Amino acid sequence: MSFFEKILRHHPKPITEKELQDALKHGEFVFYYQPEWDLKTNKTRGVEALVRWESPKRGYVPPMEFIPLLEKTGLIHEFTTYLFNHTVPDLVKVHTVAPDLFLAVNLSICQLQEKDLISTIQKELQANNLDSKYLECELTESQELTDEILSNGVLDKLAELNIPVSIDDFGTGYSSFERLKRLNIRKLKIDLSFIRTLMEDEKNKSIVSSIIKLGHDLGFPVLAEGVETTEQQEWLRDNGCDYAQGYWFSRGLPMDQLLPFLQENMNKK
Ligand code: C2E
Ligand code: CA
Ligand code: CA
């Protein structure tokens with residue numbers, strides 16, 4: 001590698017709109033699926049789609065580096081269609097080995113404001129003959145859910161379609177109790193920053209216990225993200241947490257690894 005190549009590697013050129021357009025056109029965005037498991041039964045309940053850009057030029061690019069650019073360039077609209085076009089047929093394949101699992105997709109506030117979001121979802125579900133009960137949408141708590149978004153009806157339409165919303169990264173952002181009450185929420189997902197130092201930090205234990213209690217008092221289950229150790233897993237189960245995700249159970253897996261993983265997990269006694 002030449003001196004200049006080395007420099008370029010450490011200071012990659014900014015991603016351009018054209019590159020993102022090409023990535024959409026050539027199918028370079030791929031979805032990995034991270035299982036969510038039930039802490040009581042240790043069985044998978046569903047999978048969350050996590051996008052990665054496998055760029056021939058840049059290699060692996062994590063979502064946080066290109067989702068904001070897709071939003072800035074307006075290409076996010078095309079990406080939303082791409083997301084459902086790819087993940088819903090994947091769920092049909094998942095159902096061949098694990099019939100009842102759901103698919104969770106991450107939607108940014110920008111995506112939630114797209115006028116045809118609901119029709120895009122409906123079209124894809126119909127084309128795959130899939131009931132809407134198998135879909136979940138994750139909204140990040142740190143993105144302000146403004147009154148405008150709450151009143152533009154999209155959350156109500158998701159509710160009408162029976163598609164529940166989970167609050168992602170819970171504990172890091174701004175959620176008034178009033179809003180929590182108004183949303184048709186499936187579950188709260190406790191942000192992984194609280195789980196990372198759970199065993200060493202008494203304050204994090206208090207926060208996590210309080211979120212579990214809050215969720216249960218409001219009538220919805222609670223999931224812990226980023227569970228990496230047996231100790232964390234046991235503590236969460238003993239403290240009433242319902243579900244979990246994290247490397248302890250599984251990383252996000254490409255389809256060819258997900259199917260054998262599910263087959264083995266679903267058949268376990
Ligand atoms: P997120 O939805 O909170 O996803 C969880 C992130 O934590 C994922 O990173 C996942 O790989 C990582 N993770 C899971 N388990 C563990 C663990 O045990 N330990 C640690 N250290 N990390 C763990 P990823 O895939 O880089 O995604 C980052 C964020 O990008 C996601 O956060 C989500 O907000 C966003 N994102 C991903 N896919 C999409 C998408 O299709 N659309 C939109 N709008 N955003 C997406
Ligand atoms: Ca998520
Ligand atoms: Ca999260």
Side-chain angles (χ1 to χ4, degrees), residues 20 23-24 27-37 39 44 46-54 60-88 90-91 102-114 117 120-121 124 135-143 149 164-173 175 185-199 208 211 222-233 236 241 243-254 257-258 261:
L20 293 172
L24 280 163
E28 291 167 13
F29 295 119
V30 294
F31 294 93
Y32 280 48
Y33 296 93
Q34 187 177 37
E36 162 184 327
W37 84 95
L39 281 163
T44 307
V47 293
E48 176 182 359
L50 295 164
V51 69
R52 278 101 185 73
W53 178 15
E54 286 174 358
Y60 167 91
V61 188
M64 296 325 255
E65 285 180 28
F66 63 85
I67 296 274
L69 291 170
L70 286 171
E71 294 186 345
K72 215 166 116 192
T73 54
L75 287 167
I76 193 75
H77 185 230
E78 216 175 303
F79 175 77
T80 306
T81 309
Y82 179 103
L83 165 101
F84 287 105
N85 277 340
H86 285 78
T87 57
V88 174
D90 278 352
L91 181 63
F102 63 80
L103 164 75
V105 295
N106 292 284
L107 293 179
S108 66
I109 292 295
C110 190
Q111 292 174 288
L112 211 63
Q113 285 173 306
E114 289 169 11
L117 174 68
T120 304
I121 295 176
E124 202 54 46
L135 202 59
E136 254 183 60
C137 294
E138 296 194 3
L139 282 189
T140 300
E141 197 213 5
S142 51
Q143 294 163 319
I149 291 154
V165 172
S166 303
I167 301 292
D168 210 347
D169 302 346
F170 191 79
T172 57
S175 278
I185 289 175
R186 163 75 59 95
K187 63 180 166 251
L188 295 182
K189 299 187 73 168
I190 306 175
D191 190 61
L192 44 78
S193 60
F194 298 108
I195 310 300
R196 194 175 300 133
T197 53
L198 183 68
M199 302 321 290
V208 171
I211 299 177
V222 177
L223 177 145
E225 294 185 311
V227 178
E228 293 186 357
T229 68
T230 305
E231 291 72 29
Q232 291 166 346
Q233 197 256 149
L236 288 159
C241 191
Y243 312 131
Q245 263 180 308
Y247 298 165
W248 183 83
F249 193 69
S250 173
R251 288 176 183 258
L253 301 171
Q257 291 175 30
L258 178 73
F261 173 90

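Model, not experiment: these values are computed from the prediction. Ligands are counted one by one from 1 in listed order, and the atoms in each one are counted from 1 as well.
The closest donor-acceptor contact from the side chain of Q257 to the backbone of P254 lies at 3.5 Å or more, if one exists at all. Here the side chain of Y82 pairs a donor or acceptor atom with the backbone of F29 at under 3.5 angstrom. Remark: side-chain polar atoms of N106 are paired, donor with acceptor, to backbone N or O of A49 under 3.5 angstrom. Formation of a donor-acceptor pair under 3.5 Å by the E65 side chain with backbone atoms of P62 is not found in this model.
L253 CG to R251 CZ: the interatomic distance, rounded to the nearest 0.5 Å, is 10.0 Å. Between atom OG1 of residue T80 and atom CG of residue L107 there is a gap of 7.0 Å, rounded to the nearest 0.5 Å. Taking OG1 from T230 and CD from Q232, the interatomic distance works out to 9.0 Å, rounded to the nearest 0.5 Å.
Taking the N/O/S atoms of E138 in turn, the shortest distance to the Ca ion (ligand 2) belongs to OE1. Atom OE2 is the N, O or S atom of E48 at the shortest distance from the Ca ion (ligand 2).
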Practice prompt. Could you walk me through whether K189 and E36 pass salt bridge (charged side-chain N to carboxylate O under 4.0 Å, His left out), step by step?
Written response: CA-CA 11 Å; K189 299 187 73 168; E36 162 184 327; 5.2 Å; no
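One finds an angle of 90° at the Ca ion (ligand 2) between OD1 on N106 and OD2 on D168, to the nearest 10 degrees.
Taking 3.0 Å as the threshold, D169 does not count as a candidate ligand of the Ca ion (ligand 2), since none of its N, O or S atoms lies below it. Residue E225 counts as close to the Ca ion (ligand 3), with an N, O or S atom under 3.0 Å.
Taking a heavy-atom cut-off of under 4.0 Å, ligand 1 is surrounded by Q34, E48, L50, V51, R52, P63, M64, I67, F79, L83, N106, S108, Q111, D168, D169, L192, E225, G226, V227, E228, G246, Y247.
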